[in-house]
Structures are given as C-alpha cells and as structure tokens.
Protein chains: 2
Amino acid sequence: MAAPGRGVTIADVAARAGVAASTVSYVLSGKRSISPDTARRVMEAVAELGYHPHAGARSLASRRAGVIAMMLPLRDGMHLPVLMQFASGAVTEARRQDQDVLLMTADEGPAGLARVAASAIVDGLILMDVEVRDPRVETLRRLGLPSVLIGFPADAEGLTCVDLDFTAAGRVCADYLVERGCTDVALLGASEAVYERRTGFAERVRSGFLNRTADRPGVAAAALPCADEPAAVQRTVKELLHARPGLTGLAVHNEPSVPHVVHALADAGKSVGEDFHVVVIGPDEVAERVHPQLPSVLVPAETLAEIAVRHLMRKLDGLDVPDATLVEPQLTMR
Amino acid sequence: MAAPGRGVTIADVAARAGVAASTVSYVLSGKRSISPDTARRVMEAVAELGYHPHAGARSLASRRAGVIAMMLPLRDGMHLPVLMQFASGAVTEARRQDQDVLLMTADEGPAGLARVAASAIVDGLILMDVEVRDPRVETLRRLGLPSVLIGFPADAEGLTCVDLDFTAAGRVCADYLVERGCTDVALLGASEAVYERRTGFAERVRSGFLNRTADRPGVAAAALPCADEPAAVQRTVKELLHARPGLTGLAVHNEPSVPHVVHALADAGKSVGEDFHVVVIGPDEVAERVHPQLPSVLVPAETLAEIAVRHLMRKLDGLDVPDATLVEPQLTMR
DNA sequence: CTTCGTCATCGAAGCGCTTCGACGGGCGTC
DNA sequence: GACGCCCGTCGAAGCGCTTCGATGACGAAG
C-alpha cells in the first residue's frame, strides 16, 4: 500500500503501465483475456500508485455498487449481543466477497427500502429479525431488490429466508431431557406479549418439543407460556411443580426468566444437574450466568449472517439459492 | 412515495416538469434561486415519479458520496450493548442529516482506511474505541480523510476527538460518596492488563477522584487496581477493609468485578446503601443487576455518537469544530 | 502467399449527475 | 426611452469508470 496521492484514477494507472484505460479495467475485472506481461505491468502500477477504483464511477458505469445494506432492528427487543454478532458476521463475510455494508435501522421502514433501491446505493439487502406480518416485505417484493431475510414472514413466497430451525431446536431439547432419564418434562415458553408479533418461532419450538416427546413412549410432556417478571416466573414454576410432582426436566425458551426459573427450582428443593434437568434456548450468556451453568441451544447469529450474505451474493450473480434455509441447532453442553 | 419505476432519472423528472435537468438539480440542491412555481412543479414530478438521485452519479459529479463510515471494534473487549447504542445513535443522527452509514470493522485496520479514502466511497469516518497507541491514527492523518475519533490517542494533534470526561466522572463519584457522609473512601480501578492499551481513561478517573477528595478536608482516599477474577476481587476487598477499617465508600471502575465487590461487602457485614456506599462507573446493566442496585456513571454512547456525527458533518461542510470534546458525566441514582 | 480466426489491445460512447458560463427578459434608473 | 442588472433558466462539459465494437498482429489453414 503505497502512499495514495489525491485522486489516482484509472488513467494514471494506464499511463504508468503504458496501456489504455480499458485494458486496466479488463485486468482488474478479468472480463477479457490479457497477456500475462501486460497484466503484471498493470498490477504493479496499481500497487505503486495505491489505486482504488472510484466507487461512484464504478457503480454508475457498471450498475453494481459493491455495497449491500443490512437493516437491523436497533431499538427493538432483540438481544443486543446477538445483533452485534450478526452484524460482525455479515460485515466480515461481505468483505471477504469484496463488498461493503451499509447499516440501516428498521425504523427507516419501507420508505428506506424504496430509497436505497431507487438511488442504487446498494445492490441488495439483508433484513434482520423479520416479523410474521412485516410491512417491509410487501415493499421488498414490489421493488424487486435482491434480498435475504432472517426470519420468516407469513407469506414467504418468492423470498429468500434464513433462520434457525426452531422446530429442530425443540426436538433437541426434548432429546436432551429424555436422554437424561426424564419421563415427565415441560417447555416453558415466552409470554404471549413478547411473541405476538413474531409468533412463528415460538410455535415451532413448541411443536418440535411436543412432537418429539410424543414419539417417546412413557414420556409425559407439557408446554406452557410464561411471563418475564421474576414474581410471575416463580409462581409459574411453583404451580407447575405442584401440578406435576413427577416433573424432572424443563426446557426454557424465554431468556429473561432463566435465572428466576433456576432460583425457583432451588427454592423447591430441586438440584439442577442431578435430580432435575434444565436446558435453555437462548444466548450463551444467559445459560452461563446462572449457577449451575445450563446446556443451551443458541441462535447462531454469525452462521446465519454468513449464509445470508453468501445467498445474497449468489442472487446478485444471477445464481439461484434455496427459498428457505434452516440452520441445524447445536446443543452446547456445560 | 409513488411506485418507482426502474431507473427514474433526473431527465425523466425534468421532462415531466417541463424544465432542464440542471434546473431540477438546482431545485433539489437549492444552490441557485429558482422561481417558486418551477420549484413546485419539479417537486411534484419528483414525488410522482418516486425519484431518488443515483448515489453513484451524484458522488461522481459532486465529489460527495453522502455516506460516512463507522469503524467499530467488533471482536474486541468493548461492551457490546454500548457498541450497539453507539451504532444506533450514529445511524439515526446521520440519517437526520441525510447521510448513510457504512459499517467497517476495526480489523480492516489502516488498509481499510486507505481503501475507503481512495475509492471515495465515503466522505469521512468515525473511529470508535480509539486506543492510546492506535496504528490507524497515523494513516488517518496521512490520508487527510475527514474524521472524528471516539477516545483519545496519545498524540491527538490535529485530530477531532470526542469522549466522556473521565476526570469529571472521577469527581462525580467522589462527590457522591462524600455527600453521603463518607470520610474514608477508595476507588477500585481496573486490572493493569485490561487498560494497558488504553491507559488514558483509567488514569483520568483516578486523578479526578483523588483530586476531588483531596479538596475535601477530613476525607481520606485511596485508589487501587483490581483484577477481574472473582477470587481476586474478594481478596482485594477483604484486604482493603482490613487495612482501612473506617472505609465507608467505594467507587468501582471495573465492570466485571461489580457483583463480586457487592458480594464481598455483604460477606464483611457491610450493608450497602446504609452504612456503606458504592458507586459504579460502567454500563447501566452492571449497576442494575446487583442487589441492591447501585448508582452509576455510564458511557453515554448515544450522545457521543450524535456529537461525533455532527462534528463530522461540520468538518465536511468546511466549518470548524473543537479538537477535543468532553461530555459531562451524569450520575444515575437508583 | 493469401485468407481467415484468435488473441490482445485500443478508442469512444455512455452511465446520471453537478456545475459553470451564457442568455433572455423583466425591472429600476437616469 | 435606452441602458444596465439581476434573476431564473438552459445547454454543455465533465466526473472516472465499464463495455462494446473495431483494429492490428500473428499463426494456422488452404
């Protein structure tokens, strides 16, 4: 990386290498064959001058900006560290593919999508945390802007979506508990309120959990919602233990309640990890910050981000990608 | 926002409004006076066609991209929620000024700066979490790319920097304790290791704290480093209480140790909030997640981000801005 | 030895916008 | 009533790049 003078253009590189500007362009893009000797001279000139193509000019001429947008729900209920992992994964993968990432907040809404589409400032976009009824989805479809969604809207027809396989996550939790010898288990889900906008995945965890336990003879299972407040959690757990004295396993799909669940179990004289088993669906920290630490299935943010970026790039290159991609859940033991 | 056809150009708008393309440009930029009547017709055409200027073309012609870069330390030790708040604040403020934000990770390093500068993909940049000896700083200076730093490098000459006023934060903590009637207080700082790269602000808190207590007659104060590990924290607190039996106030500037400090104090029979006072310098959650909740001074990420963006915009407009901006710390009572 | 194909390269034409200089028409001024 | 000015508008010239068609050189084929 030599000292870049102000405004090194392709003409400067061409002059230095003793070729035409178009030749430099072809060397850089590889779109026509160039003799090895010329190519070498051009690359040397590029390096010596510290040339980087002017992004605006390139986007104007080639109709490719080399930038993708990422729309994040910055003010929203989504777990922040997960969001950061996501952003980090996306930027890293994008750079690997020589793309930059424009950051947008979800509160720009459909109008924001229309703006970036019309101004050609980005080639495509990744929409995080898509809800079941998401107003941006219709706009997206209408604009025809290449995109990948994280999450599944109600009508995913014609869209490319990526997400954790929540049904499988429910199954994984069920398996964990059953393998520990539990014959009476329950799934503690989210409060109705939290998921009302995005019911999809709460449902899926639940059905994965219940279907799997139903397959296991001699295993009784239940699923019930649970509010977030400490007191409500305590009460729910107490009632549950009372109603099902034989309960020995619990899957918790409700981040904020985890510490309180553990507390309530301890109060009830249960020894987690010995005569009682708990598994969490949620971020690592949640499962790590309780005593004893719990096994958990997390939302693999970096992986999802990488897949999303790769799929988007394929779409931009005119290749096709699966409409729906579900990532296998991983159970982390602790 | 009407349905934007594919590729509405300024010529389309001009035709529709019955004027020249240059006139449309002047209406939109306000750089020449235009009759109210013409302006109205142009604006109507813009709205009807859903016109948004092509970002690349604009950047090519005007040498202004309308995008600023934000470089975040995504993999680094910085507290994630703070980072998100920062990103959120920056994007929101940037959009208010009609700018977009390009997200870069710190591991692109100086080469990344050179790239975005040379490709003119952004007009300027904001560098988060600047360290005392930061390799990017020299590059930045050489490139002459307009920028604002969050944090202070060793040599801030000619750079625009923004940060929390850590010296004042030290004073605020001292004041809090003294006002609660404490006459023997201490500051528990970071472990040497954590701050070695970014010594600046640990130092400043310390001197703010000690200078302020020194001003108060009859108040004894000390400052000591503290490791992060639970056991080490417990030991440090125990030794401290033993060495200074009259100690009744503690300021903790070490995020991870807070819960353990509280624990250790309880073990020693101190009743925090009654016969003993503790104040934290760190994120809200840290101070909220202990019992009892503690008052705290936080890094006001959104505010810093807004200031950074505003300063950057001013620089881009050729206005001048102060070299150093220190934000007053706020004590949040709990 | 001419003809045809290939390969490597060149030149020119835009991409959509901003901006500069020019120009015509209305007004105030002497 | 003629002169100059300013205001509002237009046309044209780029900004730096990609891409298309053209061109020359060189071997192979006839």
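Naming convention: chains lettered A, B, ... in sequence-line order (proteins, then strands); numbering from 1 in each chain. Note that these values count all heavy atoms, side chains included, but never hydrogens, waters or copies made by symmetry.
Place B:P36 and A:R58 on DNA chain D by their nearest nucleotides, and B:P36 ends up nearer the 5' end. Nucleotides of DNA chain C nearest to B:Y26 and B:P53 differ in position, and the one nearer the 5' end is that of B:P53.
Using a 4.0 Å heavy-atom cutoff across all strands shown, A:S25 reaches at least one base atom of the nucleic acid.
Of the listed nucleotides (C:dG16, D:dT9, D:dC17), C:dG16 has the atom at the smallest distance from the side chain of B:A57. The side chain of B:T23 has D:dC10 as its nearest neighbour among C:dC17, D:dT19, D:dC10. Nearest to the side-chain atoms of B:A61 among the listed nucleotides D:dC17, C:dT18, D:dG8 stands C:dT18. Closest contact between the side chain of A:L60 and the listed nucleotides D:dA12, C:dA8, C:dG16 involves C:dG16. Nearest nucleotide to the B:A20 side chain, out of D:dT19, D:dC15, D:dC10: D:dC10. Among D:dC17, C:dA8, C:dC17, the nucleotide with an atom closest to any side-chain atom of B:I10 is C:dC17. In this structure, of D:dT9, C:dA12, D:dC17, it is D:dT9 that holds the atom nearest to the side chain of B:R32. Checked against D:dC20, D:dT9, C:dG16, the side chain of A:R63 finds its nearest nucleotide in C:dG16. Listed nucleotides C:dA8, C:dG16, D:dC17 differ in distance to A:T38; the shortest reach to its side chain belongs to C:dA8.
One can place CD1 of A:I34 at 13 Å from P of D:dT19, the figure rounded to the nearest angstrom. Between B:D37 atom CG and D:dT9 atom C1' there is a gap of 13 Å when expressed in whole angstrom units. In this entry the distance linking CZ of A:R40 with P of C:dA8 reads 16 Å, nearest Å. Between the CD1 atom of B:I121 and the C1' atom of D:dC15 there is a distance of 17 Å, rounded to whole Å. Between the C1' atom of C:dG16 and the NE2 atom of A:H54 lies a distance of 13 Å, rounded to the nearest Å. Put simply, CG on B:L28 is 13 Å from C1' on C:dG16, counting in whole angstrom units.
No side-chain donor-acceptor contact under 3.5 Å links A:R95 to the backbone of A:V101. Remark: the backbone N or O of B:V321 is not paired with any side-chain donor or acceptor of B:K315 at under 3.5 angstrom. In terms of modelled atom types and a separation under 3.5 Å, the side chain of A:D123 and the main chain of A:R64 share no donor-acceptor contact.
One finds a side-chain N or O of B:S35 lying less than 4.0 angstrom from the OP1 or OP2 phosphate oxygen of D:dT9. Phosphate contact (OP1/OP2 of D:dT19, side-chain N/O of A:K31, threshold under 4.0 Å): present.
No salt bridge links A:D12 with A:R16; every basic N to acidic carboxylate O contact stays at or beyond 4.0 Å. The residues B:E108 and B:R115 are annotated as salt-bridged, a charged nitrogen and a carboxylate oxygen being separated by less than 4.0 angstrom.
Under 3.5 Å, the side chain of A:Y51 and the base of D:dC17 form no donor-acceptor pair of N or O atoms. With hydrogens and angles ignored, a donor-acceptor pair closer than 3.5 Å exists between the side chain of B:S22 and the base of D:dG11.
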Side chain to side chain contact (heavy atoms under 4.5 Å, CB included) between A:I68 and A:L102: does it pass, once the steps are laid out?
CA-CA 6 Å; A:I68 61 180; A:L102 197 77; over 6 Å; no

